Peer 1: 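A single structure is presented below for examination.
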Amino acid sequence: MSTHQPPFRLPTADPGRTARLRDALSAASFTADGLLDLLGASAYAALARSETVPALRATRGDSPLETLVRLFLLQRPEPYGRAAAALPAEDCLADGWLVRDGDEVRATVDVRPYGGPEGQDWWIVSDLGCAVGGAGGIGGPGGERSAADRSQLVLGVGVGGASTTLAGLTLRTPVGRALDLGTGSGVQALHASRHATRVTATDRNPRALAIARLTLALSGAPEPDLREGSLFEPVDGERYDLIVSNPPFVISPRSPEDSRLVYRDGGMAGDDLCRTLVRQSADHLTDGGWCQLLANWQHIEGEDWRERLASWVPSGCDAWIVQREVQDITQYTELWLRDAGEHLAGPEVYAARYDAWLDEFEARGTKGVGFGWITLRKSGAARPSVTVEEWPHPVEQPLGDAVAAHFARQDFLRTHDDAALLAGRFRLAEEVVQEQVGLPGAEDPEHVVLRQNRGMRRATKVDTVGAGFAGVCDGTLSAGRILDAIAQLLGEDPVVLRDRTPESIRLLVGQGFLEPVGAEEAERAEGGSGAEGPEGPQGA
């Protein structure tokens with residue numbers, strides 16, 4: 001790793017003193033649950049939006065928890081004696097978590113409680129000010145940062161929520177080697193430490209590597225293999241079972257390196273950084289390995305954004321790309337100018353910088369910017385499955401299991417032609433409900449909707465045949481037998497029904513409304529039901 005030192009002295013992580021600090025944080029209930037109990041839902045949510053007044057009002061007392069919130073989250077000075085009642089103060093001063101100013105102490109870093117996936121209490125370390133004022137309001141303890149220092153900011157989990165979004169998307173099956181590319185404060189490496197034998201974390205910002213080390217040490221996780229460098233340069237020639245990345249994906253005008261915010265500005269033109277990351281990922285994945293990342297992408301005048309993103313996918317990889325949001329270029333520009341505090345620089349400076357962003361977008365033909373998730377799997381398939389879709393609707397996190405299930409369904413559909421599909425057996429997925437819409441008193445509904453209450457929470461319209469088919473799928477009958485019974489009930493030609501229905505079955509399976517049933521499970525279901533007679537299921 002480079003010997004370049006961060007612009008401000010960061011804490012060290014002496015194992016014994018760090019363990020005592022962790023114990024003190026736990027004893028004071030300076031945890032995600034403890035914070036919610038103290039602040040209440042409204043102030044807790046406001047703090048996540050970098051609004052501090054509700055939290056200040058809720059922490060006017062002298063309890064250890066209130067002291068810690070003021071020190072590490074609201075970044076207020078505290079009397080030494082009060083801090084010493086909540087923390088091993090001398091340890092914190094020795095290691096640099098606190099600095100003393102007369103009779104008061106101040107925190108040198110932001111420390112934010114974070115709930116792990118199995119109820120663990122973790123703490124995410126980041127630069128001061130990120131949680132209370134955004135990147136535009138960052139200052140060091142007792143002083144202001146220079147522009148060059150400010151460019152090296154390391155954010156935690158309190159700003160934007162991107163880190164927690166990616167953590168919720170990531171598959172959590174045990175793996176041998178995991179790579180957190182662009183680790184920042186170390187959130188993804190911390191999660192990976194729970195299910196990967198070896199974790200490598202990279203970042204082009206040496207300050208981020210130092211802070212990631214603190215995050216994992218304070219949370220009691222093994223230190224990852226930390227490497228400095230951009231994109232895949234630090235791991236050239238190496239392969240991983242899982243690659244995760246929350247990269248600096250913001251599409252901003254190219255500018256001198258010392259004026260960029262490294263946590264968000266990748267330094268490449270347009271969305272080239274995300275495209276490069278996706279295209280190069282296959283060379284660093286083991287067979288069957290996964291790459292999961294967040295990204296921004298341009299909507300270019302005259303181009304289909306779906307086709308554009310599908311072209312990023314490397315050969316031999318299946319992909320699922322989900323656009324969660326799209327902003328026009330003015331909304332996008334205003335969002336990131338405010339993130340950088342440019343709105344505080346004065347109207348003329350702000351207008352000039354706004355104009356520079358619009359000039360860049362105009363030159364590239366950009367009419368909007370999409371944000372979403374990209375998951376790749378190195379399947380080696382001759383006919384890779386590439387799904388690119390827009391899904392702005394609410395979903396249920398965590399989604400890691402839903403992501404794995406999506407790719408398993410694509411494998412099934414890829415290996416089953418229509419004949420095999422009709423010979424297969426299916427089960428209606430859990431938490432799927434049927435809704436009928438129509439005028440009161442009408443004999444038949446205008447349409448029937450199947451709706452998921454878990455995962456992606458999809459909804460799809462089905463016709464009478466589709467509704468009847470899905471309602472009978474319990475793993476006891478083949479799809480073909482069910483369709484024959486429906487044809488008999490509706491007076492339709494069973495051959496015609498078998499010919500036109502596989503496409504609908506593929507849709508219901510592909511979107512997770514129906515689940516394929518294995519041979520052993522089908523035998524158990526058939527043996528226990530006793531419901532199948534010579535005419536098929538009753539009431540199909």
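Since the structure is predicted, the reported quantities are computational estimates derived from the model, not experimental observations.
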Peer 1: How about CD on Glu362, more than 12 heavy atoms from neighbouring residues, nucleotides or ligands closer than 6.0 Å, or not?
Peer 2: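 No - once you tally the heavy atoms of other residues, nucleotides and ligands closer than 6.0 Å, there are 12 at most.
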Peer 1: One thing to verify: whether Glu238 and Arg227 come together as a salt bridge, which I'm taking to mean a side-chain N less than 4.0 angstrom from a carboxylate O.
Peer 2: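 Salt bridge present between Arg227 and Glu238.
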Peer 1: How many angstroms lie between atom CD of Glu78 and atom CZ of Arg106, to the nearest 0.5 angstrom?
Peer 2: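 CZ of Arg106 is found 10.5 Å from CD of Glu78.
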Peer 1: In this structure, are over 12 heavy atoms from other groups packed under 6.0 Å from Asp401 atom CG?
Peer 2: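 No, the 6.0 Å shell around CG holds no more than 12 heavy atoms from other groups.
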Peer 1: For Thr12 and Asp14, does a side-chain donor sit closer than 3.5 Å to a side-chain acceptor?
Peer 2: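 The answer is no; no qualifying pair exists.
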Peer 1: For atom CG of Asp103, decide whether the heavy atoms of other residues, nucleotides or ligands shown that lie under 6.0 angstrom number more than 12.
Peer 2: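 No, CG of Asp103 has 12 or fewer neighbouring heavy atoms, counting only those of other groups under 6.0 Å.
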Peer 1: Do Ser26 and Asp121 get their side chains close enough for a donor-acceptor pair, meaning under 3.5 Å?
Peer 2: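 No, Asp121 and Ser26 have no side-chain donor paired with an acceptor closer than 3.5 Å.
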Peer 1: Does a donor on one side chain and an acceptor on the other come within less than 3.5 Å for Glu342 and Trp336?
Peer 2: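 Checked: Glu342/Trp336 side chains show no N/O donor-acceptor pair below 3.5 Å.
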Peer 1: First locate atom CZ of Arg324, then atom CH2 of Trp373, and finally report the distance between them rounded to the nearest 0.5 Å.
Peer 2: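 With rounding to 0.5 Å, CZ (Arg324) is 4.5 Å from CH2 (Trp373).
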Peer 1: In terms of side-chain geometry, is the basic nitrogen of Asp272 or Arg275 positioned less than 4.0 Å from the acidic oxygen of its partner?
Peer 2: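 Looking at Asp272 and Arg275, the cut-off is met.
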Peer 1: Minimum heavy-atom separation for Gln331 to Gln327, with atom names?
Peer 2: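 That closest heavy-atom pairing would be OE1-CA, 3.6 Å.
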Peer 1: What pair of heavy atoms forms the shortest contact from Val313 to Ile321, and how long is it?
Peer 2: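 Heavy atoms only, the tightest pair is CG2-CD1, 4.2 Å.
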Peer 1: Is it the case that the side chain of Arg194 and the backbone of Ala196 share a donor-acceptor pair, with hydrogens and angles ignored and the cut-off at 3.5 Å?
Peer 2: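 The answer is no, because no donor-acceptor pair under 3.5 Å joins these two groups.
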Peer 1: Determine, stepwise, if the pair Thr286 / Asp241 fulfils side chain to side chain donor-acceptor pair (under 3.5 Å).
Peer 2: CA-CA 5 Å; Thr286 58; Asp241 306 304; 2.9 Å; yes
Peer 1: Establish, yes or no, whether a centroid distance under 6.0 Å links the rings of Phe72 and Trp123.
Peer 2: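 No, the ring centres sit 6.0 Å or more apart.
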Peer 1: Quick one: do the Glu66 and Ser63 side chains pair a donor with an acceptor below 3.5 Å?
Peer 2: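 Yes, a side-chain donor-acceptor pair sits under 3.5 Å.
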Peer 1: List the steps, then state whether side-chain contact (heavy atoms from CB on, under 4.5 Å) holds for Val187 with Thr215.
Peer 2: CA-CA 8 Å; Val187 177; Thr215 289; 5.8 Å; no
Peer 1: For Phe232 and His284, take the angle between the two ring planes, folded into 0 to 90°, and tell me which bin it lands in: parallel under 30, tilted 30 to 60, perpendicular over 60.
Peer 2: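 Taking His284 first and then Phe232, their aromatic rings lie parallel (interplane angle under 30°).
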Peer 1: Evaluate the criterion side-chain contact (heavy atoms from CB on, under 4.5 Å) for residue pair Trp297 and Gln323; output intermediate values, then yes/no.
Peer 2: CA-CA 9 Å; Trp297 44 77; Gln323 179 169 278; 2.7 Å; yes
